[in-house]
Amino acid sequence: MKNIIKTRIQVVLMGFSLIIGVGCSDFLEETDPSNITADSYFKTAEHAESAVYSIYSNLREVRGGSYGGSPWLMLEFATGLADSDLGQADNSNIIRNLTNTSDNAYGKTYWDSSYKGIANANLAIANIPDITMDEGQKNQLLGEARFLRAYYYYNLVRIFGSVPLITDPIDLSSENLYSSQETVENIYAVIVEDLTAAEASGLPFNDGTGKVTLGAVKSLLSSVYLTMAGNPLQLGSEYYQKAADKAKEVIDSAEYSLFPTYADLHDPEQNNAGENIFMVQYEAFVDPSDWQPLVIPYNMNISAYSEQTGAIYANENFINSYEEGDKRVAEKEFYYTTYTSKFDRDETIVLGGYFLYKHFDIVANLDTASSDLNWDLIRYAEVLLIYAEASNEVSGPTTEAYNAVNAIRTRAELPDLAGLSKDQFREAIWKEKWHELSYENVTWFDMVRLKKGFNVTAGTFEDFVGHSFAYGPTLTERELLFPIPTDELRNNENLVQNAGY
């Protein structure tokens, strides 16, 4: 049961997406070979389950990619904290150098995969209520669907800003086929509505299967409220309180705990357990995770993988911003600078950079070249830091807020924070988030909601606009969003490009 979602999403109903086709003309022109339609399909509990499993499948698309490139890199190079050995990886380099354009394939993948997931969710949400089946199971499946739809929209609104908001199934004849963009406020309202409905759907708090749980719902809702408190909505204290309350519910549940060692973070045996609240699911030799070649240094011959690209590694200035004695930067904790040769495991090779050990599957790299390491979308450390940050904004640094952040610092073998003012505690939490959640597709979202960048040399935070990366480029207002993909603008004349692109 632990990894049930891994195998069940192999029966993804691609026909559902094919009859929806939001925002992509190539997608619309595909023909569904199975001739499945919503009217002919949604008849049994098994159909309902399969429909919901299809929504999960789109979580994987931004983790994939070809040689040296993958859409998830987009959110890391936009922070200015990542380096690469691949000069020919244009999609990565133009983001890293702040010369990004709407032709970037990474943004296109985020857009397409999110709307495919939304399309599948809309079908499930519209049709499952009419199926004769166990009502408890029905409600849980609807809860999963609404969580996933909320997650996809949460990514879209943070990455692109105002986007089309579609909550009903559509086809080629639908009047909403070429929708205009909805306001950011209204998109967040639907996200909150979906998550609130999912929260009341009877989901288990934690079950280890890889499916959406109540813990995942509350955790995501705490993140959503935290973002709503900041840029661009700036809803302030009320939403900091909401974020703190939801995070506290997760903490008080005692269903999750920090792993005792950082090794557990990249051990496939710990998938969907312990600190891992919600993950993208993989299975070696069936549907393996495919980012291992990206976090292996370029052609240093350390891995069983034939493809070793050095596509991303940590900026050295960022590594130097960690406190002295921080265990996270000790060798082979969060990062690695040496490894053994695949030709002679007694020979150690110096790699010339700080590569991402937190994403490194040891067995796959030593032996199998096929990884079933899941990707964390929500982990408990983030919930602790959301609680500490949000509660501080409401009440200043309380004992419980200190306890939350100090649990993370204790694991890093750092002294407890104590005796800080509200402003000092705020920046301490930000720094802890940057260091703990590094290269997990969290940092850029924090930069945007706070409108802050981290000066890795000074160890302080400064305004987003005007913040310079350690290697030179300087952020402008336009980098608070990514560009709407060129193809979408061509296909839908109702869309308006984000400023500066």
Does one side chain, of [X] or [Y], offer a donor that lies under 3.5 Å from an acceptor on the other?
X	Y	answer
Gln270	Asn276	no
Glu479	Asn100	no
Ser113	Tyr152	no
Asn299	Gln308	no
Tyr322	Tyr335	yes
Lys108	Thr486	no
Thr337	Glu331	yes
Ser219	Tyr256	no
Asn97	Thr99	no

Taking side chain as C-beta onward, heavy atoms only, is [X] less than 4.5 Å from [Y]?
X	Y	result
Leu81	Trp434	yes
Tyr402	Leu420	yes
Pro204	Gln140	yes

Donor-acceptor contact below 3.5 Å, side chain [X] vs main chain [Y]:
X	Y	value
Thr309	Pro293	yes
Asn455	Thr460	no
Glu255	Val250	no
Asn93	Gly87	yes
Ser70	Gly64	yes
Tyr56	Val212	yes

NZ or CZ of [X] within 45° of [Y] ring axis and under 6.0 Å:
X	Y	answer
Arg149	Tyr153	no
Lys422	Phe425	no
Arg96	Tyr471	yes
Lys451	Phe464	no
Lys452	Phe461	no

Review point. ring-ring contact (aromatic ring centres under 6.0 Å, His included) between Tyr313 and Tyr354: does it pass, once the steps are laid out?
Key: CA-CA 6 Å; Tyr313 55 95; Tyr354 292 85; 8.8 Å; no
Point to revise | Residue among Ser371, Ser303, Ser289 satisfying side-chain hydrogen bond (donor to acceptor under 3.5 Å, both in side chains) with Asp361 | key: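 Among the candidates, only Ser371 passes.
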Testing the basics here: between [X] and [Y], what is the closest heavy-atom pair and its distance to 0.1 Å?
X	Y	value
Val394	Ser237	CG2-O, 4.0 Å
Lys246	Ser222	CB-CB, 3.7 Å
Asn498	Phe482	ND2-O, 2.8 Å
Asn271	Asp372	ND2-O, 2.8 Å
Ala388	Ile429	CB-CD1, 3.6 Å
Ile296	Tyr336	CA-OH, 3.6 Å

Check your understanding: For Ile95 and Asn91, what are the C-alpha separation, side-chain angles and deciding distance, and is it a side-chain contact (heavy atoms from CB on, under 4.5 Å)?
Key -> CA-CA 7 Å; Ile95 294 171; Asn91 289 325; 5.8 Å; no
Point to revise | side-chain contact (heavy atoms from CB on, under 4.5 Å) between Leu156 and Ile118, intermediate numbers included | key: CA-CA 11 Å; Leu156 285 169; Ile118 289 165; 3.6 Å; yes
Check your understanding: Under the side chain to side chain donor-acceptor pair (under 3.5 Å) criterion, do Ser92 and Tyr106 qualify, and how do the steps go?
Key -> CA-CA 8 Å; Ser92 295; Tyr106 293 168; 2.7 Å; yes
Exercise for review: List the steps, then state whether side chain to side chain donor-acceptor pair (under 3.5 Å) holds for Thr338 with Lys332.
Suggested key: CA-CA 8 Å; Thr338 65; Lys332 293 182 180 61; 3.2 Å; yes
Exercise for review: Assess the pair Phe355 and Tyr339: is the distance between their ring centroids shorter than 6.0 Å?
Suggested key: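 No, they do not, as the ring centres are separated by 6.0 Å or more.
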Practice item. Under the side chain to side chain donor-acceptor pair (under 3.5 Å) rule, collect the residues that match up with Thr101, sequence neighbours excluded. Key: none
Check your understanding: Should the heavy atoms of other residues, nucleotides or ligands under 6.0 Å from CD of Gln234 be counted, would the total exceed 12?
Key ->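 It does: Gln234 CD has more than 12 such atoms within range.
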**Study point:** Non-neighbouring partners of Glu400 that pass salt bridge (Lys or Arg N to Asp or Glu O under 4.0 Å), sequence neighbours left out
**Key:**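 Here the qualifying residues are Lys248.
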Exercise for review: Considering only NZ, NE, NH1 and NH2 on the basic side and carboxylate oxygens on the acidic side, decide whether Lys358 and Glu275 come within less than 4.0 Å.
Suggested key: no
